[in-house]
Amino acid sequence: MDTRRYRMVVTSGLDYVTTGAQVDGQLRQWLKEPPKSYDIAAFAEGRNEIARGVTLDHDSATGTSGAYGRWRLRETAPDGTWQTTVLIRQSGDGPTRVQLDVEHLPDAPEALPVPAKTPRLAGSLLSVLDARDGLADVMAQPQVIEAEDVDDVVDELCDETRRLPIVVASTPYGVAFDSWLEGTLDPLVRPLAGLAVLYVLAPEAEPLFNRALEYHRVYGGGVRTYLPGVDPAWPADGQRHRVMSRRLLAERPDRARRILAQLPQRLAARTPLPAEFDSVPVMRARTRGDSEAPELERLRDENHALLEILEEAGREQRVRADEIRDLKYELRKAEDNETLLVAEYDEQYRELHTARRQLIALQKQLVTLGAGAAAYTPVSTPEDAPESFEELLDRMGDLPLLHFTGSRKIALELDAQAYGSSWVRMTWDALLALRDFAEAAASGHTDRDFRQWCADAPTGARTISPRKIVRDESKSVKTNSAWRRERTFPVPDVVDPARKVFMGAHVRVGGGNTIAPRLHYHDGARTEHGIYIGYIGPHLTNTLT
């Protein structure tokens, strides 16, 4: 697959019309300023040749499937053609997407393309589009993470709709923060504009960040690249996310810059484009003649345009074939790796439960023998975990303030999965924690949500890792009508007259990204309605499934 192109794909925070106007304005500004200094007036007058060997074409369409607008710049070079394409696309009532591609097209079919650098146009577009990737803002310069921002950044890292990597830099001890940011980090991440979400930890935020991500820490001037699909509660997941040391940054900054850019560049080229881009047709260049041109010249122009379309279509077909082949290979590798990691997580969880049972047995023996009774306070004995999801559902009636309104059939299908036994234990632990939280909330002993409560619960209360709890779904999930319906589950009319509510809050059961199940719930404990479990089952549809 050709990973030598530059590709930026972001979601615009502006409406389609405003996005188009901003793209057109930034593109014209980029073309008329040095070093290009092209004749933009020629394009405005209807001619696509804006300099010798340089053409600029534009097409757009609006229909039942949405709208698109596209600009394509072609610059002739001694060894081929440099092509820059900007495409904006809106499908239905979805958001406006923006794609910027820069690639080298060699004259000789056997020649390798020259790697494309990050264009200045990328930063210009990011500065005006309110660009986003999932929950995160995409900017050309690093954003500073303050102490109050840590929770939001952790949510962004765990956001399952995220396409871009997130690069987080720490500050060396004893170094002035502003000097480090301007002198080292800004030049380091400049090639990543549009390819990654960029952050730098303020010194006071660093300990909070690393406490929340104990298996994914970054400190001492190191820089870490977090791939999509971060699972903070899973130690094995930390191995996926590369760390660059301060030593390399200090001793070989040019090499560090190249290495840091390689992974985001490769991901940008290999990650499939959003589905709405598939329906955009191949671009056809405008003819350069006018209505008074002789018939022969007109036919030549039309023939040239048709040949260009065929050439473009053939090139796109070859690129897509390479992408499909490489993506299938990467998918097989990813599936194998995720299966191995899930198996490892399953084994670790089983060992944890065995150790917990042994600890409880020893504590009972100590109490029975009276040894150390004055210095020892026995912990509450956890309920034995059910052996199957069928038993788990049957026993939910014994858990006060918890009500299951979901599909038993879907939940029972999990018993047939390879990791069903550990998933049962993990789900049961989540239910016990929800039960204790619901009782505390209903009695007025807490006014926090489930995640906050698990992070600082009273002694003896059942909890799960707060990093397994997601407060709400991403904006892209909530605004997709089909995905929102999937997450809307039954409740009694005393909870909602419509007898159903959207349950964005959920618990990630087990390790892995899309293999492991989810438990979706609605928190009505503070209104004495209790907690409604609307779904226990496989991961619901999103951009990754």
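The shown structure was predicted, so the numbers you read here are calculated from the model rather than taken from an experiment. Heads up: numbering here begins at 1 and tracks the sequence.
Contact of the V168 side chain with the L201 side chain is registered, since non-hydrogen atoms from C-beta on lie closer than 4.5 Å. At a threshold of 4.5 Å between non-hydrogen side-chain atoms, the residues T11 and R97 count as touching. Using a 4.5 Å cut-off on side-chain heavy atoms (C-beta onward), L399 and L432 make contact. Side-chain contact between Y6 and M8 is present, with at least one heavy-atom pair separated by less than 4.5 Å. The closest side-chain heavy-atom distance from L192 to T118 is not below 4.5 Å. Between Y532 and V501, the closest side-chain pair of non-hydrogen atoms is not below 4.5 Å. Contact annotation: the side chain of H539 never approaches that of P517 to less than 4.5 Å [non-hydrogen atoms, C-beta and beyond]. R508 places a side-chain heavy atom less than 4.5 Å from the side chain of E160.
When all heavy atoms are compared, the tightest approach of P228 to R240 is O-NH2, 3.3 Å. When all heavy atoms are compared, the tightest approach of A233 to Y215 is O-CE1, 4.0 Å. Taking every heavy atom of both residues into account, A196 and V138 meet most closely at O-CG1, 4.2 Å. I410 and P538 make their closest contact through CG2-CD, 3.8 Å (heavy atoms, listed as atom of the first residue, atom of the second, distance). Contact between A202 and E146 at its shortest, heavy atoms only, is CB-OE1, 3.6 Å. Across every non-hydrogen atom of A268 and L195, the tightest pair is CB-CD2, 3.8 Å.
One N or O on the side chain of T405 and one on the backbone of P490 form a donor-acceptor pair closer than 3.5 Å. Panel note: side chain D133, backbone V10; no donor-acceptor pair is recorded below 3.5 Å. Without hydrogens or angle criteria, R162 side chain to E156 main chain gives a donor-acceptor distance under 3.5 Å. Remark: the backbone N or O of D130 is not paired with any side-chain donor or acceptor of D137 at under 3.5 angstrom. Here the side chain of T19 pairs a donor or acceptor atom with the backbone of D15 at under 3.5 angstrom. Remark: side-chain polar atoms of S474 are not paired, donor with acceptor, to backbone N or O of L135 under 3.5 angstrom. With hydrogens and angles disregarded, no donor-acceptor distance shorter than 3.5 Å links the side chain of D523 to the backbone of I531. The main-chain N or O of V470 is never found under 3.5 Å from a side-chain atom of R451 such that the two would form a donor-acceptor pair. Using a distance-only test at 3.5 Å, with no hydrogens or angles considered, no donor-acceptor pair links the side chain of Y226 to the main chain of G229. Between the side chain of H241 and the main chain of L227, a donor-acceptor pair closer than 3.5 Å is present.
Taken to the nearest 0.5 Å, the CG atom of L14 stands 8.0 Å off from the OG1 atom of T96. How far CG of L414 is from CD1 of I536: 8.5 Å, rounded to the nearest 0.5 Å. Atom-to-atom distance recorded for L213:CG and L208:CG is 11.0 Å, nearest 0.5 angstrom. Taken from OG1 in T161 to CD in E473, the straight-line distance is 9.0 Å, to the nearest 0.5 Å. To the nearest 0.5 Å, atom CE of residue M396 and atom NE2 of residue H403 are 9.0 Å apart. Considering OG1 of T85 and CZ of R7, their distance stands at 9.5 Å, rounded to 0.5 Å.
In this pair, Y521 and F450 present their aromatic rings perpendicular. The plane angle is above 60°, beyond the 30 to 60° band. Ring orientation note: the planes of F489 and H520 are tilted relative to one another, at an angle of 30° to 60°.
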Worked check of side chain to side chain contact (heavy atoms under 4.5 Å, CB included) between D398 and R435: CA-CA 10 Å; D398 299 330; R435 176 203 61 188; over 6 Å; no
Chi angles and distances behind the side chain to side chain contact (heavy atoms under 4.5 Å, CB included) call for L129, V98: CA-CA 9 Å; L129 291 180; V98 179; 4.0 Å; yes
Stepwise salt bridge (charged side-chain N to carboxylate O under 4.0 Å, His left out) test for D159 and K475: CA-CA 10 Å; D159 177 18; K475 182 179 178 181; over 6 Å; no
Q99 vs D101, side chain to side chain donor-acceptor pair (under 3.5 Å): CA-CA, chis, key distance, verdict: CA-CA 7 Å; Q99 176 186 346; D101 277 11; 3.1 Å; yes
V102 vs R5, side chain to side chain contact (heavy atoms under 4.5 Å, CB included): CA-CA, chis, key distance, verdict: CA-CA 6 Å; V102 180; R5 74 171 64 182; over 6 Å; no
W71 vs V23, side chain to side chain contact (heavy atoms under 4.5 Å, CB included): CA-CA, chis, key distance, verdict: CA-CA 9 Å; W71 297 256; V23 168; 3.7 Å; yes
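Side-chain N/O atoms of E486 and T541 include a donor and acceptor closer than 3.5 Å. Counting only N and O atoms by type, the side chains of S12 and R132 include no donor and acceptor under 3.5 Å apart.
Scored by the side chain to side chain contact (heavy atoms under 4.5 Å, CB included) test, D436 finds E439, W453, A461, R462 as partners (sequence neighbours excluded).
Just one residue in the list D24, D59, D57 forms a salt bridge (charged side-chain N to carboxylate O under 4.0 Å, His left out) with R70, and that residue is D59.
For the pair R395 and W428, the cation sits on the ring face: its NZ or CZ lies under 6.0 Å from the ring centre, inside 45° of the axis. For R518 and Y535, the positive end is not near the middle of the six-membered ring at less than 6.0 Å and at most 45° from its axis.
The local environment of CD in Q141 is sparse, with at most 12 non-hydrogen atoms from other residues, nucleotides or ligands closer than 6.0 Å. Other residues, nucleotides and ligands contribute at most 12 non-hydrogen atoms within 6.0 Å of the CG atom of D447.
Taking the charged nitrogens against the carboxylate oxygens, E413 and K409 have no contact shorter than 4.0 Å, which rules out a salt bridge. Salt-bridge formation is not detected for the pair E103/R4: no Lys NZ or Arg NE/NH1/NH2 atom is positioned less than 4.0 Å from an Asp or Glu carboxylate oxygen.
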